[in-house]
Amino acid sequence: MGMKIYNTLTRKKEDFETLEPGKVRMYVCGPTVYNKAHVGHAMSALVFDIIRRYLMYRGYDVTFVMNFTDVDDKIILRANQLGVDPFELAEGYIEEYRRQLEQLNVLPATFNPRATQTIPQIIAMVQGLIEKGYAYPANGDVYFRVRRDEDYGRLSGRRVDEMQSGARIEIGEHKEDPLDFALWKAAKPGEPAWDSPWGPGRPGWHIECSAMNLTHLGEQIDIHGGGNDLIFPHHENEIAQTESFTGKPFARYWVHNGMLQLGGEKMSKSLGNLVTIEEFLREHDADVLRLMVLNSGYRNPLTFNDEVIEQTERTLERLKSALRPALPGAKGLDEESARKLTAQAEETREGFIRAMDDDFNSAVALSHLFELVRAINQARTAGAIDADLQVAQGVLRELAGVLGLRLQEKTEESHAADPFIDLLVEVRTELRKQKLWALSDLVRDRLAALGVILEDSKEGTTWRYQK
RNA sequence: GGCGACGUGGCCAAGUGGCAAGGCAAGGGUCUGCAAAACCCUGAUCAUGGGUUCAAAUCCCAUCGUCGCCUCCA
């Protein structure tokens, strides 16, 4: 049974077939870098990272392109406000975002093209569109002739005739039709500009993605992704430009993630209700955000608030609980129980693949992971030794890894304290033997305050780091 | 106003015609000096009102509510 993937273009789940067998060409719209990235950007990055990782797990060779829009009105405006160079401003945010994606365990893209590095290709494409009659220059601007494209509106389900009321012409624009959109914008005084056949200017927002796709992935691609707020006008315009230029269908599957909701509203820069990635990672493990994303359908809105974060922290703890070693004094599992655990691991893997094959249903995939968590913990309670748990824990790590979860118990540097904690635990065991409960509780409480959890059992005491 | 999505136990959330996944919280139990963890057990008339069907959370209509896009947005 093959994979199914929901296509915004047809509004249906479709069988996944690539243009070239075994290879996936995938493009995701990245951020406009005029400010710090927020957790909504992270959600989108995580969704497509999960999709990419799963495609790789299923044996595809994935070429993954995510762009940076590094020149536009907002960047210029903000740079002027701060009195800095717009390119340096963009560069700073790009570097910061890259670091954050790494912290979020998002695999680096095959290419990270930028608008400013794609100018010649953009100019060539605009030129081509003019020659084919799909675009026209006007006072140093170049516009796309929307009514010339009969398919326009296919992705967003809009009809050109019904869009009149929404469209408008800004002061200083010279459109033939209010629906037309800019491919190239003439430079105003003091703005960054590149020479072009139409005079100095810079690219419009939509054309850069078309040009980058063409440059790095070719005329046709398998998956084009982004937030569902990009469906109109951005992706609609991308389709119009690219298909008018090449005469071929552009992306096979259009994939859009739902918006992250903060206080019941979309988190966005313009609403000002945002939590930056930096702020989130200061307080929480990157796995927490990823788990929040995994726990619900990628196409639905994601509830983001303190209560859900708290719940997810605990969910992550449960997932990790299965990776703990055997209990002290374990005698080993009987053959029957050992066989059951191995069988559950296989069942979990199959269920996981079945779920993810169905339009990346990560919530159901997770539920299978939790079946395995329960089975492993049951086995441990029943006296399994580490060797008994090894295979099942390996499967859990493998599948969690496919989702991009790290499930790390502790950081490298904390290893230095290990022998001292062992020593404290040993001393406390003596205290307990002598029934000096107040003292032994003090040791436990003080260690807990330092993030070290002690757990007593009949056979002895185990300890672990809290996060 | 136009287009679209959604409303499932206290919370998050799968499921889109055939007895309602999973996680968190809560209550009870096992274990424990106490605690923690783990394990076992417990819970849903699927927004409301009609309709179609042998059968509906799932399809159709209406109502109420929430959200997104239509302007820069992941």
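These numbers come from a predicted model, not from an experiment. Letters go in sequence order (proteins before strands), and every chain restarts at 1.
Heavy atoms of A:Gly30 sit under 4.0 angstrom from primed sugar atoms or phosphate atoms, though from no base atom. Counting any heavy atom pair closer than 4.0 Å across all strands shown, A:Asp441 reaches a base atom. If you check every strand for non-hydrogen atoms under 4.0 Å, A:Arg154 touches nothing. Nucleic acid contact class of A:Ile231 (heavy atoms, under 4.0 Å, all strands): none.
A gap of 39 Å separates the P atoms of B:U32 and B:A20, to the nearest Å. Rounded to whole Å, the C1' atom of B:G23 lies 16 Å from the corresponding atom of B:G15. On the C1' atoms, B:C31 is 12 Å away from B:C40, given to the nearest whole Å. Taking the C1' atom of each, B:A21 and B:C3 are spaced 33 Å apart, rounded to whole Å.
Side-chain N/O atoms of A:Asn300 include one lying less than 4.0 angstrom from OP1 or OP2 on B:A14.
Both geometric conditions, a ring-centre gap below 5.5 Å and a plane tilt below 30°, are fulfilled for A:Trp437 over the base of B:G33.
Legend: salt bridge (charged side-chain N to carboxylate O under 4.0 Å, His left out) pairs involving residues 359-369 of chain A, not counting sequence neighbours, sorted by first then second residue: A:Arg299-A:Asp359.
At a cut-off of 3.5 Å, with distance as the only test, a side-chain donor of A:Asp357 or A:Tyr54 sits close to an acceptor on the other residue.
Picking from B:C69, B:A13, B:G33 the nucleotide with the shortest atom distance to the side chain of A:Arg432 gives B:G33. Across B:G4, B:G10, B:A74, the shortest atom-to-atom separation from the side chain of A:Ser44 is found for B:A74. Distances were taken from every side-chain heavy atom of A:Lys458 (C-beta onward) to each of B:C12, B:C31, B:C70; the shortest belongs to B:C31. Taking every side-chain heavy atom of A:Asp229 into account, B:A74 is the closest of B:A21, B:A74, B:C12.
Taking the six-membered ring where the residue is Trp, the centroids of A:Tyr253 and A:Phe16 are separated by under 6.0 Å. A:Phe111 and A:His216 have their aromatic ring centers within a separation under 6.0 angstrom.
The residues A:Glu336 and A:Lys340 are annotated as not salt-bridged, no charged nitrogen and carboxylate oxygen being separated by less than 4.0 angstrom. The existence of a salt bridge linking A:Asp388 and A:Arg380 is excluded, since no basic side-chain nitrogen approaches an acidic carboxylate oxygen closer than 4.0 Å.
Contact annotation: side chain of A:Arg444 to base of B:C34, donor-acceptor pair present below 3.5 Å. On a pure distance criterion of 3.5 Å, no polar donor-acceptor pair joins the side chain of A:Gln261 and the base of B:C67. Put simply, the side chain of A:Asn295 and the base of B:G22 share a donor and an acceptor less than 3.5 Å apart.
Scanning for ring-ring contact (aromatic ring centres under 6.0 Å, His included) contacts around A:His256 gives A:His235, with sequence neighbours left out.
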Produce a footprint string for nucleotides 36-42 of chain B: one letter per nucleotide, 5' end first; B if the base is under 4.0 Å from any protein heavy atom, S if only the sugar-phosphate is, - if neither. BSSSS--
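Rounded to whole Å, the distance from CG on A:Leu260 to C1' on B:C67 is 13 Å.
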